[in-house]
Protein chains: 2
Amino acid sequence: MTYTQLPTPKAEVSTQRLLKGETLFYQGDHTAAIFIVITGRIRLLRHLADGNAIPLYFANDGETFSEAALFSDVYHCDAIAEKNTEIEIHPKKALLDAFAVNPDLAMTFMAHLARQVINLRSRLEIRNIRSAEERVIQFLKLEISDPGNSITFASPLKDIAASIGLSHEAFYRVLSTLEREGKIVREGRKIGLVG
Amino acid sequence: MTYTQLPTPKAEVSTQRLLKGETLFYQGDHTAAIFIVITGRIRLLRHLADGNAIPLYFANDGETFSEAALFSDVYHCDAIAEKNTEIEIHPKKALLDAFAVNPDLAMTFMAHLARQVINLRSRLEIRNIRSAEERVIQFLKLEISDPGNSITFASPLKDIAASIGLSHEAFYRVLSTLEREGKIVREGRKIGLVG
DNA sequence: CGTCCGCTTGACTCAGATCAAACTTGGTGG
DNA sequence: CCACCAAGTTTGATCTGAGTCAAGCGGACG
């Protein structure tokens with residue numbers, strides 16, 4: 001899941017710690033960089049004309065955000081730390097320069113974006129499945145398809161539940177049902193598909 | 001919504017008509033092109049080891065699909081026409097060559113992908129809103145934020161409902177409630193936000 | 001003129017959200 | 001080393017809102 005290699009020259013990459021509640025940038029700020037969450041969580045939200053704000057995304061461990069900053073002069077949303085968070089900073093200029101010098105790097109980044117598009121689309125599709133049980137099964141199949149036939153989640157199952165649009169209670173219940181029915185095997189955060 | 005400009009040299013672009021049920025490519029086929037749906041709908045689905053298939057995405061009017069083909073030798077899913085569909089074919093080689101010759105084109109495509117990432121993320125976020133009414137309001141705010149304060153949907157409201165994860169009945173009901181409460185103004189597929 | 005499809009509204013049902021409470025685990029600090 | 005606290009996990013009981021089924025309307029299109 002964590003395909004977070006940005007082709008920024010190492011010398012140009014820095015890190016920063018944000019305290020819970022701290023703002024990384026505001027909507028309208030001049031764009032300077034794109035970011036990767038090392039640990040923590042960044043909330044992205046957009047202000048509307050009426051003063052309201054709508055949540056756009058939560059970036060978790062290993063995820064990149066504000067990629068579009070590369071193609072825009074200003075940020076289109078606020079970025080605020082949900083909890084204490086460490087981020088990696090990839091200056092826009094360094095990245096763009098790297099792309100200009102070495103087109104292969106541009107292709108690498110392009111591939112990174114393309115994979116994200118695919119991944120997000122399939123996550124959206126999963127949300128169209130109404131039944132909690134079926135949704136969990138399809139999700140597991142998707143996650144497990146690549147490696148062997150089991151997966152060990154890095155984050156609490158609670159968070160996995162949220163990411164597929166279920167309350168954690170519902171998610172735990174489905175897992176124990178599936179286990180009882182012998183469709184999966186569990187060991188903490190390690191889940192294996194049977195059959 | 002329809003940001004579908006691919007920087008393929010015009011001479012290299014062709015179109016093709018698919019009948020309902022016809023297959024464009026199979027999982028495992030050698031990748032030759034990426035595509036845009038002009039009109040119709042393409043279903044993307046992935047086969048699993050157990051013989052089952054899971055739906056990955058439905059590409060509708062104006063949408064691109066199989067972008068990842070640029071970075072892979074084989075397709076990772078099947079593409080089948082849901083109904084009679086016309087597509088635009090952008091040969092992989094022509095695109096990659098164009099990128100190599102003119103890095104600006106690569107940046108254009110990159111920007112296209114980045115926008116899609118942003119857009120998909122916000123669609124995903126909208127699905128986290130449980131209340132149908134609130135979900136519709138946030139969706140409308142997102143869609144309308146850019147242009148004036150109203151939007152005219154190109155596709156039937158029925159399809160819009162599906163795209164935000166509501167049954168069409170629920171969607172129609174919410175719309176008429178919002179209209180009754182004076183929060184929106186409607187005229188067929190044209191919807192304006194009030195306030 | 002008839003058929004299909006999008007739209008609309010009503011009634012009912014139930015799956016999953018929500019509220020609640022207990023248990024486990026892990027880390028922290030005294 | 002243990003007491004304590006926070007967070008994750010688990011299970012139970014209840015409730016509600018969106019899905020589903022059903023039925024009617026009207027416009028587009030052949």
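Keep in mind that what you see is a predicted model, and the values were worked out from it rather than measured. Labels below follow one simple rule: chain letters A, B, ... track the order of the sequence lines, proteins then strands, and each chain is numbered from 1.
- No side-chain heavy atom of A:Ser150 sits under 4.5 Å from any side-chain heavy atom of A:Leu193.
- Checking the phosphate oxygens (OP1, OP2) of D:dT10, no side-chain nitrogen or oxygen of A:Ser176 falls inside 4.0 Å.
- Proximity of the aromatic rings of B:Phe99 and B:Phe109 is defined here by a centroid distance below 6.0 angstrom, and this criterion is met.
- Residues A:Phe35 and A:Ile89 are in side-chain contact: their nearest non-hydrogen atoms beyond the backbone lie under 4.5 Å apart.
- For B:Tyr75 and B:Tyr26, the ring centers are positioned 6.0 Å apart or more.
- Atom NZ of A:Lys158 and atom C1' of C:dT18 are 14 Å apart (whole Å).
- Both A:Ile164 and A:Leu178 are members of a single hydrophobic cluster when ILVMFWY side chains are connected at heavy-atom separations under 4.5 Å.
- Salt bridge A:Arg41/A:Glu63: absent, no basic N to carboxylate O contact under 4.0 Å.
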Practice task
Treat primed atoms plus P, OP1 and OP2 as sugar-phosphate and everything else as base, then score nucleotides 23-30 of chain D 5' to 3': B for base contact with protein heavy atoms under 4.0 Å, S for sugar-phosphate contact only, - for none.
Solution key: --------
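- By the salt bridge (Lys or Arg N to Asp or Glu O under 4.0 Å) test, B:Glu187 is found to be paired with no residue, residues two or more places apart in sequence or in another chain being considered.
- Of all the residues in residues 125-137 of chain B, B:Arg130, B:Ser131, B:Ala132 reach under 4.0 Å from DNA chain D with at least one non-hydrogen atom.
- Clustering ILVMFWY residues whenever any of their side-chain heavy atoms sit less than 4.5 angstrom apart, transitively, puts B:Leu96 in the very cluster that holds A:Met110.
- B:Arg121 and A:Glu67 are joined by a salt bridge, as a carboxylate oxygen and a charged side-chain nitrogen come within less than 4.0 angstrom of each other.
- Atom OG of A:Ser122 and atom CD of A:Glu143 lie 8.0 Å apart (nearest 0.5 Å).
- The existence of a salt bridge linking B:Lys183 and B:Glu133 is confirmed by a sub-4.0 Å separation between a basic side-chain nitrogen and an acidic carboxylate oxygen.
- The CE atom of B:Met107 sits 14.5 Å away from the NE2 atom of B:His112 when rounded to the nearest 0.5 Å.
- If you take CG of A:Leu157 and P of D:dT11, they are 13 Å apart, rounded to a whole angstrom.
- Partners of A:Thr8 according to the side-chain hydrogen bond (donor to acceptor under 3.5 Å, both in side chains) rule, which considers only residues two or more places apart in sequence or in another chain, are A:His90.
- In the region residues 178-189 of chain B, proximity to DNA chain C at under 4.0 angstrom, judged on heavy atoms, holds for B:Arg186, B:Arg189.
- At a non-hydrogen distance threshold of 4.0 Å, A:Gly165, A:Leu166, A:Ser167, A:Glu169, A:Ala170, A:Arg173 from residues 164-174 of chain A come into contact with DNA chain C.
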